[in-house]
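Within every chain, numbering begins at 1; the chains are lettered A, B, ... in the order of the sequence lines, protein sequences first and strands thereafter. Just so you know, these numbers come straight off a predicted model, no measurement behind them.
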Amino acid sequence: MKRKIASLLKDTLDGLSTKGEFRGPTEVDLTRPRQDGHGDFASNVALAAAKAMGVAPRALAERIRAAIPPSRLIERVEVAGPGFLNFFVSAGAWRDIVPEILGQGDTFGYLPANGKRVLLEFVSANPNGPLHVGHGRGAAYGDSLARLMTSAGYTVEREYYVNDAGRQMDILALSVWARYMEACGQPVAFPANGYRGDYVHDIARHLKEAAGDSLIRPDDAPVTGDDIEAITDARIAHLKAALGPLYGTLHGTGLKAMLADIREDLEEFGVRYDRWYSERSLVESGAIKRALALLAAHGDLYEKDGAHWFRATRYGDEKDRVVVRENAVPTYFASDIAYHLEKYERGYDHLINIWGADHHGYIPRVKGAVTAMGRDPARLEILLVQFAILYRGGQRAQMSTRSGDFVTLRELRKEVGNDAARFFYVLRKSEQHMDFDLDLAKSRSNENPVFYVQYAHARIVSVFRQMRERGQTMAEPGASDLGLLTAGEELALLRALNQYTQVIEEAAETREPHQLAYYLRELASLLHAYYNAQAFLSAEDPLRQARLTLLLAVRQVLANGLMVLGVSAPEAM
RNA sequence: GCGCCCGUAGCUCAAUGGAUAGAGCAACGGCCUUCUAAGCCGUUGGUUGCAGGUUCGAUUCCUGUCGGGCGCGCCA
């Protein structure tokens with residue numbers, strides 16, 4: 001609808017321009033006014049152009065108004081305020097959306113494919129513990145964005161980058177080994193910075209069942225000083241030497257167990273990945289060497305203090321960054337450079353990374369490396385999801401994977417259900433710090449707005465259930481006379497239905513799923529008001545048919561919108 | 001200290017550079033012999049942290065300042 005009005009206005013302005021009666025912006029800016037009396041759409045062209053033309057805004061607006069040709073779309077156009085043009089759309093034009101929705105069904109709201117391939121990488125949490133509620137926000141946001149962009153015409157692939165190569169995984173292995181030794185009746189000192197969660201015990205038990213006592217070794221690593229990190233590194237090195245090839249079994253057991261847990265958790269949450277991309281595979285394929293060679297060829301690598309450095313300051317970063325350590329082991333950053341190069345080589349039109357806000361300082365170096373390798377950094381979009389600050393019993397709750405003191409995503413899902421959790425997460429825009437009240441989120445109360453939207457859907461289904469119970473029937477939707485829909489609530493609903501496609505498009509382009517969540521709440525609100533104000537089944541026949549047809553369209557849009565957010569549309573509550 | 005994000009009603013949050021800044025929850029008053037009351041209708045609630053600037057017009061853009069979060073590893 002907006003597009004139709006905009007083109008009508010644009011044609012008018014073009015006409016005036018050729019007659020020399022208008023000079024101004026060629027792009028037509030059309031907005032939806034907040035206030036009822038200001039029409040359905042408003043344009044500020046007269047305000048914007050008046051100064052340059054040296055005329056009064058209202059007078060110019062009046063001239064434009066007079067030049068707008070009559071159209072069945074428009075009931076009237078008013079000049080208001082300082083010089084706004086307010087368009088009032090005719091009821092008939094609004095009603096056209098109903099057959100369109102019913103004709104397209106589940107695919108209503110899908111924009112034509114735009115041929116663009118997008119890679120969306122999100123969550124990518126280290127597999128050294130279960131996902132917690134902080135990861136849940138990234139998961140809900142990323143998956144909703146993927147669905148949203150799919151609906152907006154993109155071809156989207158979801159990817160999870162598995163950090164299976166680093167020191168953190170060695171620390172998990174060491175932690176599992178310590179618990180394993182305990183389980184074998186040979187307790188050893190638990191690493192000071194090890195992972196203390198219960199899941200480590202579980203993995204250790206499974207390891208004992210599978211490997212018996214074959215991994216028992218004396219805990220006699222030479223330990224000196226009081227540097228916790230150094231002690232841990234020494235123990236890891238010692239354990240690797242003591243276990244030999246069996247270290248791979250230990251490491252692999254921890255990794256596999258955590259990955260399986262994360263994968264199952266996400267799938268139950270409605271998030272399915274197209275690819276789980278292993279960091280280790282980059283080491284093994286030589287991709288890291290290749291990426292570093294590219295940087296070197298570009299003159300952006302140098303040696304200092306026995307390490308290899310990327311000249312990140314050349315690309316706007318605060319300092320240069322190490323890519324190969326003194327001990328010849330590449331850093332995580334080196335893997336990431338190779339990973340991004342590989343993403344570019346796969347030929348996507350656009351790359352999106354969703355990161356936790358704590359990684360924002362990492363952006364300049366990654367973009368810098370990409371630029372240095374001759375790739376266009378503009379094609380890499382990094383979206384940050386702010387932390388959720390957790391409150392439990394009115395107190396801030398600490399979240400630490402190390403200590404094992406955290407609320408898992410699985411626990412939250414079990415308490416509130418997937419629907420409530422997903423909706424709750426995407427109701428806040430991602431860059432907003434979010435206060436997550438666990439007691440509120442876990443209480444299955446009507447304070448959770450997802451029920452409000454789902455109830456609207458269930459209510460409509462229920463009307464049709466009642467209809468059948470009363471022995472009434474509904475004719476083909478196309479046969480009803482929608483012209484009978486003249487009540488205020490009906491026009492409000494029709495207007496809202498006309499907005500849906502626009503909401504999808506804007507939410508996708510701005511990467512803001514919360515826009516859709518708010519829209520659905522608004523649509524649900526209009527439905528509830530309609531429900532309370534008008535009778536459907538007891539209305540006279542032609543009117544009843546028209547109203548039921550409208551309800552079908554509303555139900556369809558609610559269902560489609562909820563689907564994009566990964567939330568179910570229940571038939572009954 | 002430097003950098004990034006945020007600051008809007010009692011609480012949690014919206015608001016595409018536009019007109020009188022909106023919802024939900026909380027509080028208060030109404031609405032179930034008729035399609036689900038997880039609902040509806042109404043009332044109360046604001047110096048958009050503060051001070052400047054740009055603009056016909058600023059919650060939105062710019063500068064400064066205060067407050068909160070995060071980052072500034074040869075961790076990932």
As a test of reading the structure: which of [options] is closest to the side chain of [X], going by heavy atoms?
X	options	result
A:P33	B:C35, B:G39, B:A19	B:A19
A:S525	B:C40, B:C35, B:A19	B:C40
A:D435	B:A19, B:C35, B:U12	B:U12
A:Y518	B:A14, B:G39, B:C41	B:A14
A:N86	B:A19, B:A37, B:A15	B:A19
A:R521	B:A37, B:G24, B:G7	B:G24

Look for any protein N or O under 3.5 Å of an N or O in nucleotides 66-74 of chain B and output each such pair with its distance, or none.
{"from": "B:G68", "atom 1": "N2", "to": "A:H433", "atom 2": "NE2", "distance (Å)": "3.0"}
{"from": "B:C70", "atom 1": "O2", "to": "A:H360", "atom 2": "NE2", "distance (Å)": "2.9"}
{"from": "B:C72", "atom 1": "O3'", "to": "A:K319", "atom 2": "NZ", "distance (Å)": "3.3"}
{"from": "B:C72", "atom 1": "O2'", "to": "A:K319", "atom 2": "NZ", "distance (Å)": "3.2"}
{"from": "B:G73", "atom 1": "OP2", "to": "A:K319", "atom 2": "NZ", "distance (Å)": "2.7"}
{"from": "B:C74", "atom 1": "O3'", "to": "A:R325", "atom 2": "NE", "distance (Å)": "3.2"}
{"from": "B:C74", "atom 1": "O2", "to": "A:E326", "atom 2": "N", "distance (Å)": "3.0"}
{"from": "B:C74", "atom 1": "N4", "to": "A:D305", "atom 2": "O", "distance (Å)": "3.0"}

Next item on the list: Go through the structure and list residues passing side-chain hydrogen bond (donor to acceptor under 3.5 Å, both in side chains) with A:Q432, not counting sequence neighbours.
Entry: none

Item checked: Set of residues satisfying side-chain hydrogen bond (donor to acceptor under 3.5 Å, both in side chains) with respect to A:S124, sequence neighbours excluded -> A:E121

Note to self: When you compare the ring of A:F84 with the six-membered ring of B:A19's base, are the centres less than 5.5 Å apart and the planes under 30° from each other?
What the structure shows: yes

Note to self: Closer than 3.5 angstrom, by distance alone: can the side chain of A:E489 be matched with the main-chain N or O of A:L527 as a donor-acceptor pair?
What the structure shows: no

Margin query: Reading RNA chain B from 5' onward, which residue's closest nucleotide shows up sooner: A:F464 or A:L85?
Written below: A:L85

Check: When you match A:Q466 and A:G166 each to their closest nucleotide on RNA chain B, which lands nearer the 5' end?
Finding: A:Q466

Note to self: Using a strict threshold of under 4.0 Å (side-chain N to carboxylate O), is an ion pair present between A:D40 and A:R495?
What the structure shows: yes

Check: Is the closest basic N to carboxylate O distance between A:E490 and A:R547 below 4.0 Å?
Finding: yes

Item checked: Sequence neighbours excluded, every pair satisfying salt bridge (charged side-chain N to carboxylate O under 4.0 Å, His left out) that has a member inside residues 529-545 of chain A -> A:D541-A:R544

Notebook entry, point to check: Can you list every salt bridge (charged side-chain N to carboxylate O under 4.0 Å, His left out) pair that touches residues 419-435 of chain A, not counting sequence neighbours?
Noted result: A:D143-A:R422

Item checked: Secondary-structure notation, RNA chain B, from Watson-Crick and G-U pairs under 3.5 angstrom (| other strand) -> (((((((..((((....[...)))).(((((.......))))).....(((((..]....))))))))))))....

List for me each residue that meets ring-ring contact (aromatic ring centres under 6.0 Å, His included) alongside [X], sequence neighbours excluded, and say none if there are none.
X	answer
A:H528	A:Y452, A:Y455
A:F84	none
A:Y519	A:Y500

Check: Between A:N126 and A:Q168, what is the shortest heavy-atom contact and its length?
Finding: ND2-CG, 4.1 Å

Please output the side-chain donor-acceptor pairs of residues 324-339 of chain A that fall under 3.5 Å, not counting sequence neighbours, one pair per line with the distance.
{"from": "A:R325", "atom 1": "NH1", "to": "A:P330", "atom 2": "O", "distance (Å)": "3.2"}
{"from": "A:N327", "atom 1": "OD1", "to": "A:V329", "atom 2": "N", "distance (Å)": "3.0"}
{"from": "A:T331", "atom 1": "OG1", "to": "A:V322", "atom 2": "O", "distance (Å)": "3.1"}
{"from": "A:T331", "atom 1": "OG1", "to": "A:V323", "atom 2": "O", "distance (Å)": "3.4"}
{"from": "A:T331", "atom 1": "OG1", "to": "A:F333", "atom 2": "N", "distance (Å)": "3.4"}
{"from": "A:T331", "atom 1": "OG1", "to": "A:A334", "atom 2": "N", "distance (Å)": "3.3"}
{"from": "A:S335", "atom 1": "OG", "to": "A:E279", "atom 2": "OE2", "distance (Å)": "2.9"}
{"from": "A:D336", "atom 1": "OD2", "to": "A:Y362", "atom 2": "OH", "distance (Å)": "3.4"}
{"from": "A:Y339", "atom 1": "OH", "to": "A:E159", "atom 2": "OE2", "distance (Å)": "2.6"}

Which protein N or O atoms sit under 3.5 Å from an N or O of nucleotides 25-34 of chain B?
none

Next item on the list: Kindly say if A:Y452 contacts the phosphate of B:C40, meaning a side-chain N or O under 4.0 Å from OP1 or OP2.
Entry: yes

Next item on the list: Quick one: label A:H528 by what it contacts on the DNA or RNA (base, sugar-phosphate, nothing), any heavy atom closer than 4.0 Å.
Entry: sugar-phosphate

Notebook entry, point to check: Hey, does A:T549 have a side-chain heavy atom less than 4.5 Å from the side chain of A:M474?
Noted result: yes

Check: Do A:F122 and A:Y160 have ring centres separated by under 6.0 Å?
Finding: no

Close N or O pairs between protein and nucleotides 55-59 of chain B (under 3.5 Å):
{"from": "B:C56", "atom 1": "OP1", "to": "A:K51", "atom 2": "NZ", "distance (Å)": "2.0"}

